[in-house]
Every structure is written in structure tokens, then in C-alpha cells.
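We name chains A, B, ... by the order of the sequence lines, and we start the count at 1 in each one. Predicted, not measured: the structure shown is a model, and the values here were computed from it.
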Number of protein chains: 2
Amino acid sequence: MICAIIKIMQKNQKITLADVAEAANVSPITVSRALRSPDKVSPKARDRIERAIAQLGYVPNPAARALASGRTDVIGVIIPSVSNNVFAEVMRGMYDALSGSGLTVQLATTGYSPLAEEHLIRVFLTQQPSGLILAGHDQSPAARDLLARANCPIVQVMEVGPKPIDVAVGLSHHDGAFLAARHLIERGYRAPAFLGAQMDPRSQRRLAGFRAAMREAGLAEVTQVVTTPEPSSVSMGCRLFADLIAHHPQIDAVLCNNDDLALGVLFEAQRRNLSIPDRLGICGFNDLEMMEAAQPPITSVQTDRYGMGQLAIAQIRDRLEGRGHPAGTSIDLGFALQIRDSTGGWRG
Amino acid sequence: MICAIIKIMQKNQKITLADVAEAANVSPITVSRALRSPDKVSPKARDRIERAIAQLGYVPNPAARALASGRTDVIGVIIPSVSNNVFAEVMRGMYDALSGSGLTVQLATTGYSPLAEEHLIRVFLTQQPSGLILAGHDQSPAARDLLARANCPIVQVMEVGPKPIDVAVGLSHHDGAFLAARHLIERGYRAPAFLGAQMDPRSQRRLAGFRAAMREAGLAEVTQVVTTPEPSSVSMGCRLFADLIAHHPQIDAVLCNNDDLALGVLFEAQRRNLSIPDRLGICGFNDLEMMEAAQPPITSVQTDRYGMGQLAIAQIRDRLEGRGHPAGTSIDLGFALQIRDSTGGWRG
DNA sequence: CATCATGATGACAGCGCTGTCATTCGTCAA
DNA sequence: TTGACGAATGACAGCGCTGTCATCATGATG
């Protein structure tokens, strides 16, 4: 075996499965099997093969594997944007859940364009992916059509909705915002406003939840809503709030579409010496780590973004192994309103 | 052509290059050429081929392409962690620079482990990538060895250092921190401290820059340094600062390893009613968007993370087209100290 | 001892595309 | 009209691996 290995190394070329086979003195197909389903190869052969692989530093060629098998071991992930820190946590969950699976994530971004999403879905699907992960439920009809025909697990993350294409993992943004808005009302705020940037579908549903709570409380009339299609940021929170308070000084609380905005509102309110939570209540969405650290700590709707990513990958892995939830399942990870000082704190 | 297309569609199978060829009434190889180098195909044929591609919805199979050509159109990107918001901006720059190139990014994370990095480099390199992007200059000797032998462009991002493997795009973290520390001294702070979490090599160099400035000012004796290997976060900033001020109440300024920590320091100082910038100066690193929005706005060392990502991809694209900088080039994107109220503000 | 089931292994072809040549065709100068 | 030349196109083989089926050795069974 040693001399076989030396001979092969001397070729100084890419090490292929055939080289490993030669070194281990078996046929290529046996090496392939040892890699794919080790239990179908005798321990003796397996041992020799493993040793040969280690000594030659063999790494399988995924292109050849994909071509021959028609599968790719690639999970396509289509999200609106990489710089949205909400997705960063989701991605982290995915990468962690991937480990040891031989699967790879292929990330693509739509820039919040449904057409771009449709195109990416089309491209991914022709590539025979092991799975597809999409953000949200608002795929175009054509895209849903493509996806319905797909023969790989499809997970919609971020949100649960009425009709998952296959499996959905997320939460109800409507309900989260509804609960947060109701909390503001319970705390005695009588003129809450909604601040939103980058009004994607999930933001729209949060807004709807806010409105529903206001209607319920008979406050629909006094409610103010300020939104912008521009990306969300802390400075945007400052600007939107400055705009809001300039035109509607009677506002006494703000439900923010996300935590970046909430932090901006906090800063801007501090600049204007509006005392929090007495003069102004602030509530965010997502509960980024910094909400609790802020001064005062900011109330927010906690979402399990890391868990969403993890679970999405886990679902696909389960499916590939014949387990997992059936098509049509929604997994609601829920949310938890984290009540902090910015809305008056916890009153047992 | 129409009836050829109908015939092909009826097979209801994957559309291959051969199908396109049949529909366009040319040989497969001509279709391949039309895709790869359109100028080598007559306009007439090209037109028919393009029409056939559109009507059939043909998408090339990258696995087959990779196998046949020995190239993959994949750029491997190896970074420590996806949840570090510094890398999010870099990634955004990369994705933007990728558009229209047919190239794809394959992201992998090391979890700050040099061994994991070495393994990933090995795996990526055997895959014949179009390029490789690495974070920093601290690859293991074995990894550098592998990389030196690689026959694809390699870009080290985040940092410029003495001996780039191929091309480096970044800045001097030492100098950035040095300048920031000197600024604190110029502002009259006489007992500055350094706060650091997740002390990766770049953080170490920032610390070195801080120390150099302190020595220069003859303040090495009074200097305090608090670090932790744990991940950086706003709450970690609160905790580290609480720890620091408890043991060393004489501290009058803090240079933070990054902006998360700086924000945490701001919040914690506010909780303790330490007035900023009079009782305490705060300086961050990276200049995340929220630094300017904070109350008071926080001084920070601005870095062009988006530009780094963009330039890294642009370098690889240039190289693939035979242009671009020669091996051994370092591109220093520099930094800019953004002086704000948290260190006393700008004094012309 | 013959028969069969079982597990282990191998031969063969082909996945979809592209590199390398060879061939065809039209065009122009001699 | 002929030959030479370049542009356009095609034939062929093979990239590295795996699915399918066939083969072989082994031990269990009656």
C-alpha cells in the first residue's frame, strides 16, 4: 500500500476516487460506497479505504458527485438582504445546524424584489438542491407554482401563515405586534404611534397587528403611523421619530417595527429630553441583544431567530432521512414580549 | 422551431444544452459557445439560441460545467463568524460586486479556529474555486503553504499586513487604534483604558496600537486593559465596563475594541450617572451606523467594510480577466477617526 | 452434500457539459 | 477560376462520480 501511495502522489495531480481505490486495492465503486454508506462495506476494506483517503488527502469532487447522482447536497437559502441583522442570527442558526451533515448552504439575496426571488427560485430548483429555504410567505404566484412542483423539502422561515408551501417555521408578526400594542395601552399610553422602515410583508403584518389593537381599544382615531420604504437603521429611527413628534406632539408611545428604530427613538427622545417611560413609551421588535443593555432597557417582542435557522435546517435534514413533518406543517416558534423599563417596566 | 420546442417540452424532463441545440437547430457545442463566448458565434445562430433558451427556460447545470471545465465559478469565502456584524457589511459589498458576473459565493465559517480554517482552505482548494477570500493574515503555516501553491486569486480582507499571500484589502488595525488612543490623550484624558472582547488577531493589534500610544504619552503605567475571549456584545460592554470602573474608578476614558462594546459602555455609564464626555470619554471601532445616532454621538474609527467586500470581489474578477493587481499587493483602504461628542467633540 | 440466502464487490454506462481538435463554408487576392 | 485563409461550426472524448445490475464468496439450511 505504501508504494502504491507514493506512486499516486508522484503524479502530483488531483487525487480522485480511482486513486484511493488503487491505493486501497479495491474498485472505485467500493470507495464510493464506503463514503456514502459505510455499513455496506466490510470493515476490513473500509479501514484500508479510510487510511488511503487520509494519506492521500482525498476530497470528493462535489461537481462529479452532483452530476452522477442528480443531487447536490446544497441547500438554497433565499433572503432579502444579508445586511439585515435579523437574518444574521438566522444564518448562524443554519450554519450551526449544518455541521456534520455534508450539506452546504448557498445564499442568495433578492433585495426585497419578488421578481428577483422568482428568478432565484427557478435557478435553484433546476439545480436539484437538497432543500430550499425562503424568507416569508409572499412568493409570487409563479414562484409558488414552481415550488409546488419541486421535489425537495421547502422551508419558509421567519413567519407562519395560512398555507405553507411545504413546511413553515416562524411566528405571527401580526400577533406579536398586536400584543405589544395592547401592552402599551394597558400601560396607560393613549396616543401610541407606529414607526416602520423597510416595509416588507412582515412589517406590514406587524402594522396590521398594531392597528387591530388600536381599533380594539377604540384608539384608531388618534393613532399615527409613520413609515418609509427605505432600509431600517438607528438613524432612521431618529429621523422618523423627529418627524413624528414634530407633527404630532401629543404622541405618548411608539411601537417600532424593529429594534434599530427603537434604539433611534430612544436616542432622539433623550436628545429632546423626553423622559422615558413617563413622557414616552418605546417598544421594539425582535429583541436584539442590546435592548436589554440599553439605558433604560427597551421593551421588545422577542423572536427566536437562531432557532428558526436551526429548525429550518433540521427539518430539511429530517426530510432527507425520511423523517420530519409532513407537507403543510407550520411550526410556530412564538414570541415573548419582554417588558422592560422603556414602557414602565414589569408590574407583577 | 416551435414544433421542436413543443416536442422537447413534452419530454417534461430537465432541459439540457442538447435540447436547446435541437430547438435552435445547431450542435450542442455551439450552444455552449454562445453561452461562454458569444462573440465566437454568428449573430444569426446566437439569436436562435437565445430565443430557444428563453422559451425552454434552460438553465445551465453548474455541476456538469464544473466537471467538464475544471472550474467552478465559485468564490470561497472563509470568515470567523456570520453573526459578527462587521462581516455582514463585508458580505453585502461582496454580493453587490458579484452581480452580473455569473460567479457565486460559498460562505464558510471557522468559529475563530485556525484548524477549522486550515481544513476549510484545503477543502475549498481541492474544489478548484475561481477565487478564495480569507479574513485576516493569521492563517496557520500549513494553510499558507497550501495557499501559496493554489492557482486561483486569493484575497485577504479586513487587514493589511507585511506579507500578503496574494492580494490584501484592508486597513491597519494597529494604526487605527493608535490614532484613536492618541486622540483621547490629546483631549486631555489621562487614564484611558482598553476594553476588548473576542480577542482575535485584529483585536490584538488594536490593543497593541493602544499600548503604543500610551507608551508614547508616558501613560503606560496608569493604563488599564480589560479583555475577554467571549463574543462581543453590547451587554458585554456593560459588564466589562462595570468590572473596570469598580476596580479602577480613576479611569477617565475607554477605547473599545469595537462599537458594540462602546455602546454598552455608554449605557452603563449613563446608568451610573457618569457624564460623557466630561467624566468619561468613549471611543469605539468600526463606526457602525448607530454611533452617530447615539446620544451623545460616539467617536469611532470608521472602516470601509462594504468597500472591502466589494474590492475583494472586484480583485478576483479582474484577475480572472487577466487584469488586476499583481501578487503581493496590499490595498490599504485606511480608516477615518470620526470625532464626536463622546470624546469632547470636534475642536477645529 | 446440494441449495439457497446473504453480504460484499465489481463492470458498465452515463450524468451534462466543455477542451481539443477537425471540418466546412464563404470571401478575397492572385 | 483557383487557392488560401479565417470565421463558424461540429465530432469526439472525457471530466469524476454513482445508479443499476451482475457476480462472487461465504455460511446457513435441509
- Message: With a 4.5 Å cut-off on side-chain heavy atoms, are B:Leu115 and B:Ser140 touching?
- Response: no

- Side-chain contact test, heavy atoms from C-beta onward, threshold under 4.5 Å: evaluate it for B:Glu89 versus A:Ser83 and give yes or no.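 They are in side-chain contact.
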
- Query: Is the number of heavy atoms from other residues, nucleotides or ligands within 6.0 Å of CG (B:Asn25) greater than 12?
  - Reply: no

- Message: Is it true that, when you exclude A:Arg144 itself, more than 12 heavy atoms of the residues, nucleotides or ligands shown sit nearer than 6.0 Å to its CZ?
- Response: yes

Taking any heavy-atom pair under 4.0 Å as a contact, classify [X]: base, sugar-phosphate, or nothing.
X       : result
A:Arg33 : base
A:Arg71 : sugar-phosphate
B:Ala66 : nothing
A:Ala45 : sugar-phosphate

- Nearest-nucleotide 5' precedence on DNA chain D, A:Tyr58 against B:Pro28: B:Pro28

- Message: Going 5' to 3' along DNA chain C, between which two nucleotides do contacts with chain B fall, using a heavy-atom cut-off of 4.0 Å?
- Response: C:dG16 to C:dG19

- Message: Can you tell me if B:Thr30 touches the phosphate of D:dG10, counting only side-chain N or O atoms and a distance under 4.0 Å to OP1 or OP2?
- Response: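 The answer is yes; a side-chain N or O of B:Thr30 sits under 4.0 Å from OP1 or OP2.
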
- Query: Do A:Glu321 and A:Arg317 pass the salt bridge (Lys or Arg N to Asp or Glu O under 4.0 Å) test, and can you show the C-alpha distance, the side-chain angles, and the key distance before you say yes or no?
  - Reply: CA-CA 6 Å; A:Glu321 292 168 14; A:Arg317 290 183 69 169; 5.0 Å; no

- Do B:Thr110 and B:Ser113 get their side chains close enough for a donor-acceptor pair, meaning under 3.5 Å? no

- Message: How many whole angstroms separate atom CG of B:Asp39 from atom P of D:dG6?
- Response: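 So the CG-P distance, B:Asp39 to D:dG6, works out to 18 Å.
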
